[in-house]
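The model shown is predicted, which means the values in this text are computed figures rather than measured ones. Side-chain atoms are counted along with the backbone in the values below, which use heavy atoms only and exclude waters and symmetry mates.
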Amino acid sequence: MTAATQPVERFPLVWGEDAPTETCVWCGAGLSTGAKRLRGRVLCPQCGAASTDPWPSPEDLDRAYGTWYRPTEGRRYALIGDAFFTRSRALIASRIDEISPPGPLIDVGSGEGVLVRALKSRGRSVLGLERDAVGPDVRDASLDQIEGDGEWAGVIFWHALEHLPAPGEAIREAARLLKPGGVVLIAVPNTDSLQARAFGDRWLHLDLPRHLVHLSQRALCSGLERNGLHVERVSQVRGAQIVIGWLDGLVSLLPGNLRLYQALRLPQARSAEMTIGQRLAAVAAGVVLLPVALACSGAEIVLGRSGTVYVEARRG
C-alpha cells in the first residue's frame, strides 16, 4: 500500500512538544533527567508506572478525542458491536452490585452512561462522571468536587483511570469518599502484559495521548494499598479487551498499515478516514488471525500477564 492509499488521520496525534512531563502522575515522584523516556511516555523509577510524555495540554486532548471518540449519535461499532458493548456492561454491573455494600455508587468515566443505566436497572443509586457529560445521571465533574466523605459504597474506574490527568489523586479521592467496607473496582491496560511487550509502540492499549498513565498490575496494586485500600481480587480475564489487543497488534504487523480496531468502528467513530478496501482488508486479516490471537490471549492469561487487569480493593 502506498502512502497515498494509507488511512488518513482525521486527528493527527502530535502534542505537547514543549511540555516534558516532570512528575509521575501515579505516585507524585519527580522525574529527573535520569528517568527512562520512551516514545510518548516516561517511566517512574519509584513506582514503575509510566506517565505520558510530553504532557498534553487541554487543547491537545480536545483534538485527540475530537468528535469521533464518542459520537453524538451514540453508536460506535459496526454489526453487533454496540449490542456486545451493552451486554458486557450488564455483566459488569452484576459483579459490582454483588460485591458492593448498600449505598450509592460513582462511575468515573461513564461515557454515554451505559454502565450507569445497567446499575440503575439493578436498583442502585449511581452518579456518573464524564467530561462533556450527557445524560440525566452523568455530571461533568471530577472526584475532588464530589461531597460525602465516607458515604459512598463504591467507586468504579472501568477503563477510565488511564484517561485521568491526575490518576493518583483520583485514588486518594476515592478512598476519601468510600464508606468502611466500600470498594474500588478498576480495569486498566496492563503494561506488563505479553501483548504490550510484543507490540511496543504499536500496542492498541497504549492509546497516546488519551491514556495519561500506563500501569502494570504491580504498580496499580501498590498504589491502591498506599492509599489504604486492601486488594481483595485480581483477575486476568474480567478486564476484557484482551483478544482485540492481540488481534489489532497482529494485523498491524502486516504490510499495508492495516488498522483493525478502526475498521471495526462506524465511519463517524473512526480517528482515520478509511476506504472500503482498507476496511475489508483489515477485517479479513483479523478473521484469519483470530485463532492466533485467541491462543496468545489464553497463554498470557495462564501466565498472569494478560493485556488488561481487573482489581477489586476495599476500604477497611
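Of all the heavy atoms in Val213 and Ala49, the pair that sits closest is CG2-CB, 4.5 Å. A pairwise comparison of heavy atoms in His159 and Pro189 identifies ND1-CD, 4.1 Å as the closest pair. When all heavy atoms of Arg226 and Cys27 are compared, the pair lying nearest together is NH2-CB, 3.7 Å. Contact detail for Ala219 and Ser216: the closest heavy-atom pair is N-OG, 3.1 Å. Glu130 and Gly111 make their closest contact through OE1-N, 2.7 Å (heavy atoms, listed as atom of the first residue, atom of the second, distance).
Under the 4.5 Å side-chain heavy-atom criterion for grouping Ile, Leu, Val, Met, Phe, Trp and Tyr, Leu303 is connected to Val243 within one hydrophobic cluster. No continuous path of hydrophobic side-chain contacts links Leu185 to Val311 [ILVMFWY only; heavy atoms under 4.5 Å]. The hydrophobic clustering, which links ILVMFWY residues whose side-chain heavy atoms are closer than 4.5 Å, places Leu178 and Leu220 together.
In this structure, Ser110 OG and Arg89 CZ are separated by 11.0 Å, a value rounded to the nearest 0.5 Å. Rounding to the nearest 0.5 angstrom, the gap separating the CG atom in Leu247 from the CD1 atom in Ile242 is 13.5 Å. Rounded to the nearest 0.5 angstrom, Leu61 CG and Glu59 CD are separated by 9.0 Å. One finds the CZ atom of Phe199 at 13.0 Å from the CG atom of Leu206 (value rounded to the nearest 0.5 Å).
Figure legend: cation-pi geometry between Arg131 and Tyr65, with NZ or CZ positioned under 6.0 Å from the six-membered ring centre and within 45° of its axis.
Listed by chain and number, the residues in a salt bridge (charged side-chain N to carboxylate O under 4.0 Å, His left out) with Glu225 amount to none (sequence neighbours excluded).
Taking the charged nitrogens against the carboxylate oxygens, Arg197 and Asp192 do have a contact shorter than 4.0 Å, which makes a salt bridge. Under the 4.0 Å criterion applied to side-chain N and carboxylate O atoms, Arg37 and Asp53 are assigned as salt-bridge partners. Between Asp201 and Arg41 a salt bridge is recorded (basic side-chain N to carboxylate O distance below 4.0 Å).
In this structure, His205 and Trp203 have perpendicular ring planes: the angle between them is above 60°, well past the 30° mark.
Within a 6.0 Å sphere centred on CZ of Arg176, heavy atoms belonging to other residues, nucleotides or ligands number more than 12.
Just one of Val184, Asp107, Ile106, Val126 meets the side-chain contact (heavy atoms from CB on, under 4.5 Å) condition when paired with Ile156; it is Asp107.
Defined by atom type and a distance below 3.5 Å, a donor-acceptor pair is missing between the side-chain atoms of Asp97 and Ser94.
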Which donor-acceptor pairs under 3.5 Å do the side chains of residues 284-302 make with protein atoms, sequence neighbours left out?
residue: Ser297; atom: OG; partner: Ala293; partner atom: O; Å: 2.8
residue: Glu300; atom: OE1; partner: Leu194; partner atom: N; Å: 3.3
residue: Glu300; atom: OE1; partner: Gln195; partner atom: N; Å: 3.2
residue: Glu300; atom: OE1; partner: Trp246; partner atom: NE1; Å: 3.4
residue: Glu300; atom: OE2; partner: Gln195; partner atom: NE2; Å: 2.7
residue: Glu300; atom: OE2; partner: Trp246; partner atom: NE1; Å: 2.9
residue: Glu300; atom: OE2; partner: Gly307; partner atom: N; Å: 3.0

